Amino acid sequence: MPELPEVETVRRGLEPALAGRTLVAVEARRKDLRFPFPDKFAERLTGRTITALTRRAKYLLADLDDGNVLIAHLGMSGSFRVEDSVPGGFHHERSKRAAHDHVVLTTDRGVRVTYNDPRRFGFMLLVPRTELGDHPLLRTLGIEPLGNELSGAYLLSVLTKRATSLKAALLDQKIVAGLGNIYVCEALHRAGLSPKRAAKTLTPARAKALAAAIRAVLEEAVQAGGSSLRDHARTDGELGYFQHAFRVYDRTGQPCPKRGCKGMVRRVVQNGRSTFWCPACQK
DNA sequence: ACCAGCTCCTGCTTGC
DNA sequence: TGCAAGCAGGAGCTGG
């Protein structure tokens, strides 16, 4: 599921359920996801109050009142669902234990938050807040694309140092943190840039267009609640709807939606991952 | 220091 | 219908 817009959608869904709430019960139903859970994971979380729920790139960060931060990454297939209790328990229909429910948090307001992840590429870690910036997973992350640092000048300075393709460079979290396969394809189409173009051939004008395209596509996607393909992004089970706004992603053989363009969307594989693009208008 | 390929895992879709 | 192959929104690790 998750690139930046999906993770941000999850964050917004979790915030009212978790921010300011105390965890009265925590259950980890297996010993690991992608990585082992920290020692005494459930015990360390139980009784803690979550003081803030934020996001960095594709990471969810829950600040705890003991100075630690719960880092959660959804991998490819992770999702959270939030269920309110009713007198006597939880709604029967939705409270069923589902396959791949790995972590269950219960708050002092009787809300249950369940992490589900079939492929188990996601993970949860506990790190002291003071060491967050030094953590190997976060230390090397590039800029937040929805912040003030994203500009043509930034992209130009970073991308022209790379020997690889624009597509591969934009997937690198050290450059722009939070982009994934969908939004890189969409941003490159909007900017009229070929995914196969060598990153170092970027010009100031093209870099400026690319920065604008990245910002626009991410903002629109967040607005739409992210994209829902095989999984859904939202904690309430509703679907995001940005997938209906895709211009190239997963649209092989369909006409290029760009005004006046007579091209057709094609799929190629770059670095082992599908790239969707229009050879007619992306140069 | 890059860079590309491999890998983790399950489930859905596609083609025979 | 069955079955195998291919593919999936991520990213750490390895070897070149």
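Each chain gets a letter, A, B and so on, in the order the sequences are listed, and its residues count up from 1. Keep in mind that what you see is a predicted model, and the values were worked out from it rather than measured.
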In plain terms, say whether Arg139(A) and Asp134(A) are close enough for a salt bridge, that is, a side-chain N and a carboxylate O under 4.0 Å apart.
no
Below 4.0 angstrom, N of the basic side chain to O of the carboxylate: do Arg56(A) and Glu144(A) qualify?
yes
Between [atom2] of [N] and [atom1] of [X], the distance in whole Å:
| X | N | atom1 | atom2 | value |
| --- | --- | --- | --- | --- |
| His232(A) | dA8(C) | NE2 | P | 21 Å |
| Lys167(A) | dA4(B) | NZ | P | 12 Å |
| Ile175(A) | dA1(B) | CD1 | C1' | 13 Å |
| Asp250(A) | dA8(C) | CG | P | 9 Å |
| His102(A) | dC8(B) | NE2 | C1' | 13 Å |
| Phe276(A) | dC7(C) | CZ | P | 10 Å |
| Met76(A) | dC6(B) | CE | C1' | 14 Å |
| Leu229(A) | dA8(C) | CG | P | 11 Å |

Whether [X] side chain and [Y] backbone form a donor-acceptor pair below 3.5 Å:
| X | Y | value |
| --- | --- | --- |
| Glu27(A) | Val103(A) | no |
| Asp32(A) | Arg34(A) | no |
| Glu3(A) | Gly178(A) | no |
| Asp101(A) | Asn116(A) | no |
| Gln254(A) | Met264(A) | no |

Searching all strands shown, indicate the nucleotide that pairs with dC3(C) (Watson-Crick or G-U wobble; both distances under 3.5 Å).
dG15(B)
Assigned partner base of dG10(C), Watson-Crick or wobble definition, under 3.5 Å
dC8(B)
For nucleotides 11-16 of chain B, read 5' to 3', which letter fits each nucleotide if B means a protein heavy atom sits under 4.0 Å from the base, S means only the sugar-phosphate is that close, and - means neither?
S-----
Side chain Arg119(A) and base dC9(B) donor-acceptor under 3.5 Å
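Side chain to base: pair present.
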If you count the non-hydrogen atoms of other residues, nucleotides and ligands that lie under 6.0 Å from CZ in Arg109(A), is the total more than 12?
no
Between [M] and [N] - [atom1] atom distance, rounded Å:
| N | M | atom1 | answer |
| --- | --- | --- | --- |
| dC3(C) | dC9(B) | P | 24 Å |
| dC3(B) | dG9(C) | C1' | 23 Å |
| dA5(C) | dT7(B) | P | 16 Å |

Any chance the side chains of Gln270(A) and Thr275(A) put a donor and an acceptor closer than 3.5 Å?
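Yes, side-chain donor-acceptor contact under 3.5 Å.
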State which of dA8(C), dA4(B), dC3(B) makes the closest approach to the side chain of Ser274(A).
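Shortest atom-to-atom distance from the side chain points to dA8(C).
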On DNA chain B, nearest-nucleotide positions of Arg120(A) versus Gln270(A): which is more 5'?
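It is Gln270(A), whose closest nucleotide lies nearer the 5' terminus.
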Atom pairs under 3.5 Å, N or O on each side, protein against nucleotides 11-15 of chain C: can you list them with distances?
from: dA11(C); atom 1: OP1; to: His73(A); atom 2: NE2; distance (Å): 2.5
from: dA11(C); atom 1: OP2; to: Lys58(A); atom 2: NZ; distance (Å): 2.8
from: dG12(C); atom 1: O4'; to: Arg34(A); atom 2: NH2; distance (Å): 3.0

NA contact type, Tyr249(A), heavy-atom cut-off 4.0 Å: base, sugar-phosphate, or nothing?
sugar-phosphate
Heavy atoms only, 4.0 Å cut-off, all strands: where does Gly272(A) land among base, sugar-phosphate and nothing?
nothing
Considering the options Phe123(A), Phe121(A), Phe41(A), which one meets the ring pair (Phe, Tyr, Trp, His ring centres under 6.0 Å) requirement together with Phe35(A)?
Phe123(A)
